[in-house]
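All remarks here apply to the structure that follows.
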Protein chains: 2
Amino acid sequence: MNIGTAAAEAGVSAKMIRHYEAIGLLRPAARRDNQYRDYAERDVHELRFIGRARRLGFSMDEIRTLLALWRDDARPSREVRRVAQAHLHDLETRIGEMQAMAGTLRELVDHCHGDARPECPILEGLGGAPKSATTPG
Amino acid sequence: MNIGTAAAEAGVSAKMIRHYEAIGLLRPAARRDNQYRDYAERDVHELRFIGRARRLGFSMDEIRTLLALWRDDARPSREVRRVAQAHLHDLETRIGEMQAMAGTLRELVDHCHGDARPECPILEGLGGAPKSATTPG
DNA sequence: GCTTGACCTTCCAACGGTGGGAAGGTGTAT
DNA sequence: ATACACCTTCCCACCGTTGGAAGGTCAAGC
């Protein structure tokens with residue numbers, strides 16, 4: 001199966017497949033006489049694994065680890081769980097940070113009239129005084 | 001004031017200040033005789049603006065727009081609000097996507113025993129069948 | 001045959017935002 | 001004088017992905 005077909009079946013771009021191979025995430029694909037990469041069902045399976053992991057936000061390094069565990073029939077599920085949980089924690093942290101951003105931003109947006117007048121709490125919030133001390137009385 | 005001092009006061013790295021200048025986000029800084037960049041209070045003010053906007057997740061392009069509006073005393077607050085709201089929407093979308101990721105991941109993690117046994121719903125979830133059709137009965 | 005178009009190959013560069021570091025000049029304190 | 005902290009410009013790296021150039025190959029149609 002050509003790289004394009006494998007890509008379509010796995011839900012990953014051909015470009016990315018070559019990239020994954022280049023960075024050593026995947027073993028070099030088999031080649032036909034014409035140098036075309038040749039993929040079998042099990043390769044597609046692996047690519048699909050990568051695609052799903054990416055879609056869950058795992059980093060390439062994490063995926064590298066997960067792939068190794070996946071290939072090892074005797075891995076302890078403990079190790080897989082550890083990787084996944086670490087990433088989940090990471091995700092939750094980032095979500096929290098973004099929610100804080102969004103909260104602050106929403107507050108600013110909510111206080112802005114959004115009309116033709118120049119007064120704008122958003123810009124004031126961004127450019128305002130750094131410390132609450134030197135506010136003139 | 002030297003770039004390091006300005007950086008410290010504004011909460012932005014000196015490296016970044018030079019970068020912002022290089023990409024045209026900031027007007028070229030004044031130079032002393034020794035070629036050192038020289039910053040005044042109002043420059044620091046501007047840098048602080050950028051730093052805050054970055055911390056709220058605005059892109060460089062959005063900040064470029066916001067800076068222009070900020071400098072224009074006659075801008076309609078409507079325009080500022082539009083930019084901020086668009087970014088807020090963007091943030092919320094991304095938060096939603098990450099929450100979806102986290103939700104799926106948590107489900108997988110919760111179903112994994114996480115012990116010495118190799119059975120692992122996490123890997124099964126990542127590598128499992130793509131379509132519900134060809135499941136052998 | 002010969003052309004067209006879709007596919008494949010490798011290689012190189014870009015994005016956004018930040019940081020690291022080299023190689024050299026300058027300021028200041030002792 | 002010497003040490004050290006700071007400044008300058010420059011180029012490179014990260015991450016994951018995409019785009020394109022320049023060329024080879026295959027399958028179709030006429």
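Just so we're on the same page: letters track the sequence lines, and every chain starts at 1.
Counting any heavy atom pair closer than 4.0 Å across all strands shown, A:Phe58 reaches no nucleic acid atom. Residue A:Arg54 is classed as a sugar-phosphate contact, given heavy-atom separations below 4.0 Å to backbone atoms only. When heavy atoms are screened at a 4.0 angstrom cut-off, A:Arg18 is found touching base atoms of the nucleic acid. If you check every strand for non-hydrogen atoms under 4.0 Å, A:Arg32 touches nothing.
Between B:Val12 and B:Gly51, the shortest heavy-atom distance links the atoms CG2-CA, 4.0 Å. Nearest heavy-atom pair, A:Ala7 versus A:Ala14, reported as atom, atom and distance to 0.1 Å: CB-N, 3.6 Å.
Between the A:Asn2 side chain and the A:Gly4 main chain, no donor and acceptor come within less than 3.5 Å of each other. When atom types are taken as modelled, the side chain of A:Glu79 and the backbone of A:Pro76 share no donor-acceptor pair closer than 3.5 angstrom. Put simply, the side chain of A:Arg75 gets close to the backbone of A:Trp70: a donor and an acceptor are under 3.5 Å apart.
With a 4.5 Å cut-off on side-chain heavy atoms, B:Glu41 and B:Glu9 count as touching.
In this structure, B:Asp61 places its CG atom 13 Å from C1' of C:dG17, rounding to the nearest Å. Across the protein-nucleic acid pair, B:His19 atom NE2 and C:dC15 atom P stand 10 Å apart, rounded to whole Å. For the pair A:Asp38 CG and C:dC7 P, the computed distance is 17 Å after rounding to whole Å. To the nearest angstrom, P of C:dG16 lies 9 Å from CE of B:Met60.
Of all nucleotides in DNA chain D, those with any atom nearer than 4.0 Å to a heavy atom of chain B start and finish, going 5' to 3', at D:dC6 to D:dT9.
Heavy-atom nearest nucleotides on DNA chain C were determined for B:Ser59 and for A:Ala14, and the one closer to the 5' end corresponds to A:Ala14. Nearest-nucleotide mapping onto DNA chain D: of B:Lys15 and B:Thr5, the residue sitting toward the 5' end is B:Thr5. Mapping B:Tyr20 and A:Ile3 onto DNA chain C by nearest heavy atom places A:Ile3 at the nucleotide closer to the 5' end.
Residue B:Ser13 has no polar side-chain atom (N or O) positioned under 4.0 Å from OP1 or OP2 of C:dT18.
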Show your working on side-chain contact (heavy atoms from CB on, under 4.5 Å) between A:Thr5 and A:Tyr39 and close with a plain yes or no. CA-CA 9 Å; A:Thr5 313; A:Tyr39 295 93; over 6 Å; no
